[in-house]
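Here it is: the structure, laid out below.
Each chain gets a letter, A, B and so on, in the order the sequences are listed, and its residues count up from 1.
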Amino acid sequence: MNATPDLPPTYYLSNFTFLVDWVAVRYEDLLTQEERDFADTFQHLPLHSQCLFVRLSSRKGPFFRADKINYPEINSLEDAAKYLIECGFIDIQVLLSFHEVAHLLTKAELVEAFSVNSKSERKSNLIDQLAHLYPSTKEWQQWTNKQLGLVYCLKTQHIIDNFLLLFFGNSHQDLTEFVLQDIGLFRYENYTIDEQHRIFKTREELELYKHLIILREQLELASTHENLVEIARQIPDSIQAHTLRRRRSKLCNQLAYKFERQHQVDLALSLYRQSELPPARERQIRLLEKQEKYLEAWDMLESLLTAPVDEQELQIAERISLRLAKKLGKSYSKKTPSSVTERSLTLVNPYNISGTQQLNVEEIVRLHFHSTEAPCIYVENQLLTGLFGLWLWPEMFRSLDGAFANPFQSAPLDMYEASFSLKRPRITELFCLFEDGYHKQHIRDMWRMKQGLANHFVNWHFFNEEILNLALEVIPAQHLALIFKRILFDVRNNRSGLPDLIQFFPDKNDYLMLEVKGPGDRIQDNQRRWLDFFSANKIPAEVVYVSWQ
DNA sequence: ACCAGACACCCACCC
DNA sequence: ATAAAGTACG
DNA sequence: GGGTGGGTGTCTCGTACTTTA
Ligand SMILES: [Mn+2]
Ligand SMILES: [Mn+2]
């Protein structure tokens, strides 16, 4: 079934050189001398040395035991390594701390080398105990009495990281993207990449991004209060480039939240004040409320209510207003409760059903309603969001300035920017398709033509032809247009929260969406907003509360 | 879409 | 000796 | 019982091999 094409034995080298060349051409002026030297030196290395270098670069690192390196396509490890040592990419005379050594050894080797008695301790505990006895650093050969061969230390990871960052424009993609494409797992739309546009305008932007990445990593590890303070100290002053600005705000929020949990209210507040992203204002209000500074909280609440950054923030603000108003003796008009249909279902306790595996609530409810005449499907966001992606396809992958910067994108770079629709005025033409029902053909065409191409909104495993046809036949054009408009209004927030189930009634040309709630589960904010929207627009959706018999 | 959002599930608290 | 976790790889 | 706020656990290709417990 899986016809994995055989890759050439050094496929990874081709990928790596492609990437390095790409960056060297486009970002030549942003590179440091060291980085330019690297590209040049690498190019002139013997092939097997290049191979070894790339293989090590995509492994854990930075230390590698020679006896754990074994690649059929590299004939002589020693010889390949020789050139890498010569040009300084690899070092073999390097001092290792005890921790570094310990992690290179298996537990058995560790016990053997340091003659440990308590053999049954976990490895991490052993390391902690032994670490006190060996505070100094030594070379690997000294640590191991030359019993275990060489260790190579890769000295270039910072350079590679920069190349990856410049190529992809983000920190979460790496060389494996190439392989996944080669084996056919992911395929990408053939958009044209803007040669002029560069994600990083200046070296400073690259450095800032790297800095933020490092701080985020430190934040994950940080446990002590001092750690957090140190991170806070290192947060850069406000930034002009807006994606970086966004990342900075997110970091502020995360850090502030950590301070909150340590009851460092003032530190938390000052960080939230620096943030432009939700939930910064919400958190400030909650903190002020907890401090019983109700008037200050109310002020911030009002500023939020007059200019919420999104519906989610507004929704929360209204909730808080209700109880804060009570505390202040003010009146706050509660919004009219929504008229979403709710029903209760009592089903047999699933634990009593013998034999088969445990089903989740949604699946049980689905089976309860499902019939061949009225098929019920567990879709969550996949159906409507997927239809949205198919419908929007031509505009989504339209080649605009700066929309695409590398060959591995499943959405344009500005997909979640407020200006997305403004920059693509021809979206209105796509909306016109709904007026005469041409949207069906359009979406079917996209489904057929774009089969398997990566799109943020489309899960191809989910979308078979039956579901597609069922949905297109039964969901009115007007409903789809309204729903897509709402997604476009705020893609980031409105691409989720859609109901669990959808049941089709092809005979009656009707359908019904169902949000399933088991005992102890409750409607989330984004789900509530969608349900309110459905009810306001006469789109059939209900909540099913399940209890066990 | 940057160890994340995107779900359900768990507990606690307030009426 | 087993299952779970980590890692490398296409 | 509701309404809350807060915190977890799960999962992103699938497979083979090594290490840990
Ligand atoms: Mn769900
Ligand atoms: Mn549900």
> Contact class for A/Tyr12 vs. all strands (heavy atom < 4.0 Å): base, sugar-phosphate, or nothing?
Replying inline: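 If one applies the 4.0 Å heavy-atom cut-off, A/Tyr12 turns out to touch nothing in the nucleic acid.
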>> From CG of A/Leu514 over to P of B/dC7, roughly how many Å is that when rounded to an integer?
In response: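 That distance rounds to 16 Å.
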> Which part of the nucleic acid does A/Glu282 contact within heavy-atom distance under 4.0 Å: base, sugar-phosphate only, or nothing?
Replying inline: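 Touches nothing.
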> Could you state the CG-P distance from A/Asn170 to B/dA4, rounded to the nearest angstrom?
Replying inline: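 Value for this atom pair: 13 Å.
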> Expressed in whole Å, how much space separates the P atoms belonging to B/dA8 and D/dC11?
Replying inline: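 Looking at atom P only, B/dA8 and D/dC11 are 16 Å apart.
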>> With a 4.0 Å cut-off on N to O distance, would you call A/Glu282 and A/Arg286 a salt bridge?
In response: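 Counted as a salt bridge, because a side-chain N and a carboxylate O are separated by less than 4.0 Å.
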> How is A/Gln254 classified with respect to the nucleic acid when contacts are heavy atoms under 4.0 Å: base, sugar-phosphate, or nothing?
Replying inline: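 It contacts sugar-phosphate atoms only.
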> Under 4.0 angstrom, heavy atoms only, what part of the nucleic acid is A/Glu380 near: base, sugar-phosphate, or nothing?
Replying inline: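 The answer is sugar-phosphate, as A/Glu380 gets under 4.0 Å only of primed atoms, P, OP1 or OP2.
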> Is any side-chain nitrogen or oxygen of A/Thr106 closer than 4.0 Å to OP1 or OP2 of D/dT19?
Replying inline: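 No, outside the criterion.
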>> Using the P atom as the point on both nucleotides, what is the distance between B/dA1 and B/dC7, in whole Å?
In response: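 Per the computed distance, 14 Å lies between those P atoms.
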>> Between C/dA1 and D/dT19, how far apart are the two C1' atoms, rounded to whole Å?
In response: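 15 Å, rounded to whole Å.
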> Just checking A/Asn360: base, sugar-phosphate only, or nothing, at a heavy-atom cut-off of under 4.0 Å?
Replying inline: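 Answer is nothing: A/Asn360 stays at 4.0 Å or more from every strand.
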> Distance check: side-chain N/O of A/Gln527 vs OP1/OP2 of B/dA8, anything under 4.0 Å?
Replying inline: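 Yes, such a contact exists.
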> When you compare D/dG5 with B/dC15, how far apart are their C1' atoms, in angstrom units rounded to a whole number?
Replying inline: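 The answer is 14 Å between these two C1' atoms.
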> Considering only the P atoms, how many Å lie between D/dT12 and C/dG6, rounded to the nearest integer?
Replying inline: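 Nearest-Å result for D/dT12 against C/dG6 at atom P: 15 Å.
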>> Given the ring of A/Phe533, does A/Arg486 sit roughly above its face, with NZ or CZ under 6.0 Å from the centre of the six-membered ring and within 45° of the axis?
In response: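 Yes, A/Arg486 lies over the aromatic ring of A/Phe533.
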> Is the distance from OP1 or OP2 of B/dA1 to the nearest side-chain N or O of A/Arg246 less than 4.0 Å?
Replying inline: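 So the side-chain polar atoms of A/Arg246 never come under 4.0 Å of the phosphate oxygens OP1 or OP2 of B/dA1.
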>> Suppose we screen for side chain to side chain contact (heavy atoms under 4.5 Å, CB included). Which residues come up paired with A/Glu112, at least two apart in sequence or across chains?
In response: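 So A/Glu112 forms no side chain to side chain contact (heavy atoms under 4.5 Å, CB included) with any residue.
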> Taking CD from A/Gln524 and C1' from B/dG5, how many angstroms apart are they, rounded to a whole number?
Replying inline: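 For the pair A/Gln524 CD and B/dG5 C1', the rounded distance is 11 Å.
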> In whole angstrom, what separates A/Ile320's CD1 from B/dC14's P?
Replying inline: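 In whole Å, B/dC14 P lies 18 Å from A/Ile320 CD1.
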>> If I take atom CG in residue A/Asn493 and atom C1' in nucleotide B/dG5, what distance separates them, rounded to the nearest angstrom?
In response: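 Distance check: A/Asn493 CG to B/dG5 C1' gives 11 Å.
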> Counting only Watson-Crick or G-U wobble pairs whose two distances fall under 3.5 Å, which nucleotide matches D/dC17?
Replying inline: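 Across all strands, the one nucleotide that pairs with D/dC17 is C/dG6.
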> Can you check the A/Asn381 CG to B/dA8 C1' distance for me, whole Å?
Replying inline: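 Going from CG in A/Asn381 over to C1' in B/dA8 covers 14 Å.
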> With both distances under 3.5 Å as the test, what is the Watson-Crick or G-U wobble partner of B/dA4?
Replying inline: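 Here B/dA4 is not engaged in any pair, so there is no nucleotide opposite it.
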> How many Å lie between CZ on A/Phe186 and P on D/dG14, as a whole number?
Replying inline: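 In whole Å, D/dG14 P lies 9 Å from A/Phe186 CZ.
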>> Working to the nearest 0.5 angstrom, can you tell me the gap between A/Phe53 CZ and A/Leu13 CG?
In response: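 Going from the CZ atom of A/Phe53 to the CG atom of A/Leu13 covers 10.5 Å.
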> For A/Arg323 and B/dC15, is the shortest distance between a side-chain N/O and OP1 or OP2 below 4.0 Å?
Replying inline: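 Answer no for this pair, as no side-chain N or O of A/Arg323 is under 4.0 Å from OP1 or OP2.
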> For atom C1', what is the distance between D/dG6 and B/dC14, given to the nearest Å?
Replying inline: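 Roughly 14 Å separates the two C1' atoms.
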> Do the side-chain N or O atoms of A/Lys290 get closer than 4.0 angstrom to the phosphate oxygens (OP1, OP2) of D/dG6?
Replying inline: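 Yes, A/Lys290 has a side-chain N/O under 4.0 Å of OP1/OP2 on D/dG6.
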> If you measure from the Lys or Arg side-chain nitrogens to the Asp or Glu carboxylate oxygens, is any gap between A/Lys517 and A/Glu515 under 4.0 Å?
Replying inline: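 Salt bridge flag = yes for A/Glu515 with A/Lys517.
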> Should A/Gln382 and A/Asn459 be marked as a side-chain hydrogen bond (donor to acceptor under 3.5 Å, both in side chains) after you check the CA-CA gap, both sets of side-chain angles, and the distance that decides it?
Replying inline: CA-CA 7 Å; A/Gln382 301 181 104; A/Asn459 176 0; 2.5 Å; yes
>> Please give the distance between the P atoms of D/dT10 and C/dA5 as a whole number of Å.
In response: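 The answer is 9 Å between these two P atoms.
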>> Roughly how many Å apart are B/dG5 and D/dG14, using the C1' atom of each and rounding to a whole number?
In response: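 It comes out at 24 Å once rounded to the nearest Å.
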> If you look at every strand shown and take non-hydrogen atoms under 4.0 Å, does A/Ile213 touch a base, only sugar-phosphate, or nothing?
Replying inline: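 It contacts nothing in the nucleic acid.
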> Has the side chain of A/Tyr191 got a donor or acceptor atom that lies under 3.5 Å from a matching backbone atom of A/Leu400?
Replying inline: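 Such a contact is absent between A/Tyr191 side chain and A/Leu400 backbone.
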> Pick one for D/dT12: is it syn, with its angle within 90° of 0, or anti?
Replying inline: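 Chi for D/dT12 falls in the syn range.
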> Checking all strands, does A/Glu515 fall into the base, sugar-phosphate, or nothing category for heavy-atom contacts under 4.0 angstrom?
Replying inline: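 A/Glu515: backbone/sugar contact only, no base atoms under 4.0 Å.
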>> Salt bridge or not between A/Arg122 and A/Asp128? Use side-chain N to carboxylate O under 4.0 Å.
In response: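 A salt bridge is absent here (no side-chain N lies under 4.0 Å from a carboxylate O).
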>> So A/Gly497, base contact, sugar-phosphate only, or nothing? Heavy-atom distance under 4.0 Å.
In response: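 The residue A/Gly497 makes sugar-phosphate contact but no base contact.
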>> Strictly below 4.0 Å: does A/Arg492 bring a side-chain N or O up to OP1 or OP2 of B/dA1?
In response: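 Answer no for this pair, as no side-chain N or O of A/Arg492 is under 4.0 Å from OP1 or OP2.
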> Would you say a side-chain N or O of A/His172 is under 4.0 Å from OP1 or OP2 of B/dA4?
Replying inline: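 Checking B/dA4 against A/His172, no side-chain N or O comes under 4.0 Å of OP1 or OP2.
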> Cation over ring, A/Arg59 on A/Phe64, under 6.0 Å and within 45°?
Replying inline: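 No; the conditions do not both hold, so A/Arg59 does not lie above the ring face of A/Phe64.
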> By a strict heavy-atom criterion of less than 4.0 Å, which residues belonging to residues 55-74 of chain A are in contact with DNA chain D?
Replying inline: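 Nucleic-acid contacts, sorted: A/Lys68.
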> Could you give the distance from CD1 (A/Ile231) to CG (A/Leu271), rounded to the nearest 0.5 Å?
Replying inline: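 Nearest 0.5 Å value for the CD1-CG distance: 10.5 Å.
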>> Please determine whether any donor N or O and acceptor N or O are separated by less than 3.5 Å between the side chain of A/Arg283 and the base of D/dG6.
In response: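 When only heavy-atom distances are counted, A/Arg283 does not reach the base of D/dG6 through any donor-acceptor pair under 3.5 Å.
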> Could you state the CZ-C1' distance from A/Arg522 to B/dC9, rounded to the nearest angstrom?
Replying inline: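 Taking CZ of A/Arg522 and C1' of B/dC9, I get 10 Å after rounding.
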